Amino acid sequence: MKIKVQARRFALTKSLKEYVKRRLNFALDPRGNDIQQVTVTLSDVNGPKGGEDKHCQVLVKISGQNDVVVSDKQADMYAAIDKVAGRTSRTVSRRIERLQGKTTRLKASLHKMRAPKKMPRDIYEEYENEYGYYRHA
């Protein structure tokens with residue numbers, strides 16, 4: 001699973017980048033085989049003015065599904081990352097389970113639609129006509 005971290009309107013520190021990668025690896029590791037790429041965009045909307053302006057957005061590309069986008073705004077960047085990581089984990093798990101459920105249901109319905117097995121060639125239906133018994137294959 002490849003995690004790409006981007007920053008807008010502020011300088012991305014090495015510790016913040018490592019925190020994002022560690023937190024998302026922990027949150028998405030159980031479903032890592034199905035995930036192609038994760039893109040995290042961190043931004044400071046108001047700049048140095050303060051307030052609830054730290055924005056974190058996560059885009060997850062899943063094989064065989066639409067992309068998952070989760071975002072959150074908080075006063076603290078670390079809190080925004082934590083919330084987004086938890087919500088992303090739940091959303092991705094739900095999507096992948098739904099996809100696996102569809103394949104299971106599809107296989108079951110195809111199994112029911114199969115043609116009935118043919119009777120073996122050595123079993124014949126006997127019927128009586130005016131000349132006696134006939135064997136019909």
Side-chain angles (χ1 to χ4, degrees):
M1 173 174 52
K2 182 179 177 184
I3 298 177
K4 182 179 174 183
V5 182
Q6 302 171 345
R8 294 188 180 159
R9 298 188 190 113
F10 76 98
L12 181 64
T13 62
K14 188 175 180 179
S15 63
L16 185 61
K17 186 175 182 178
E18 288 176 4
Y19 181 77
V20 169
K21 286 187 176 186
R22 186 177 66 239
R23 187 69 177 95
L24 285 173
N25 269 328
F26 179 75
L28 299 175
D29 192 41
R31 301 294 185 177
N33 295 336
D34 299 315
I35 297 173
Q36 294 175 345
Q37 182 180 1
V38 179
T39 305
V40 181
T41 306
L42 305 172
S43 60
D44 190 3
V45 179
N46 293 335
K49 295 178 187 176
E52 269 195 23
D53 63 341
K54 309 297 191 267
H55 187 259
C56 178
Q57 180 180 1
V58 176
L59 173 95
V60 180
K61 295 190 179 202
I62 304 172
S63 55
Q65 280 285 329
N66 294 334
D67 297 346
V68 174
V69 179
V70 180
S71 62
D72 192 36
K73 272 187 186 177
Q74 294 288 324
D76 182 35
M77 185 62 77
Y78 290 96
I81 292 167
D82 288 341
K83 272 198 163 186
V84 167
R87 288 175 49 205
T88 303
S89 174
R90 288 188 298 274
T91 305
V92 168
S93 294
R94 196 176 330 122
R95 285 264 180 106
I96 292 173
E97 287 171 5
R98 192 176 299 152
L99 178 67
Q100 290 171 346
K102 282 182 182 179
T103 58
T104 304
R105 287 191 305 269
L106 180 63
K107 285 180 184 177
S109 64
L110 288 176
H111 182 68
K112 289 179 184 177
M113 291 174 51
R114 286 186 186 161
K117 292 183 178 180
K118 293 185 177 182
M119 299 295 280
R121 298 289 297 170
D122 58 343
I123 298 176
Y124 294 97
E125 180 182 330
E126 293 183 354
Y127 64 94
E128 185 177 356
N129 65 5
E130 58 191 84
Y131 303 111
Y133 286 101
Y134 258 113
R135 295 171 123 188
H136 180 68

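Because the structure is a prediction, the values reported are computed rather than measured. We count residues from 1, following the sequence as given.
- At a threshold of 4.5 Å between side-chain heavy atoms, the hydrophobic network of Ile, Leu, Val, Met, Phe, Trp and Tyr places Leu12 and Tyr19 in one connected group.
- Here the side chains of Asp82 and Arg23 are in contact, with some heavy-atom distance below 4.5 Å.
- Taking NZ of Lys21 as the reference point, atom NZ of Lys17 lies at 4.5 Å (rounded to 0.5 Å).
- Counting heavy-atom neighbours within 6.0 Å of Tyr78 OH, excluding the residue itself, gives a total above 12.
- In plain terms, the two heavy atoms of Arg95 and Asn66 that are nearest each other are NH1-O, 3.3 Å.
- When the side chains of ILVMFWY residues are joined at heavy-atom separations under 4.5 Å, either directly or via intervening members, Leu24 and Val69 end up in two distinct hydrophobic clusters.
- Of all non-hydrogen atoms in Ser43 and Met77, the two that sit nearest each other are O-CE, 3.7 Å.
- Listed here is the closest heavy atom pair of Leu59 and Lys61: CD2-CE, 4.0 Å.
- Scanning both residues, Asn25 and Met1, for their nearest heavy atoms gives OD1-CE, 3.4 Å.
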Exercise. Stepwise, does the side chain to side chain contact (heavy atoms under 4.5 Å, CB included) test hold for Leu42 with Ile81?
Worked result: CA-CA 9 Å; Leu42 305 172; Ile81 292 167; 4.1 Å; yes
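- Remark: the backbone N or O of Ser89 is paired with a side-chain donor or acceptor of Ser93 at under 3.5 angstrom.
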Exercise. Checking side chain to side chain contact (heavy atoms under 4.5 Å, CB included) for the pair Gln57/Gln6: CA distance, chi angles, key distance, verdict?
Worked result: CA-CA 10 Å; Gln57 180 180 1; Gln6 302 171 345; over 6 Å; no
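- In plain terms, the two heavy atoms of Cys56 and Val40 that are nearest each other are SG-CG1, 4.1 Å.
- Scanning all heavy atoms of the two residues, the minimum distance from Asp72 to Lys83 falls at OD2-CD, 3.2 Å.
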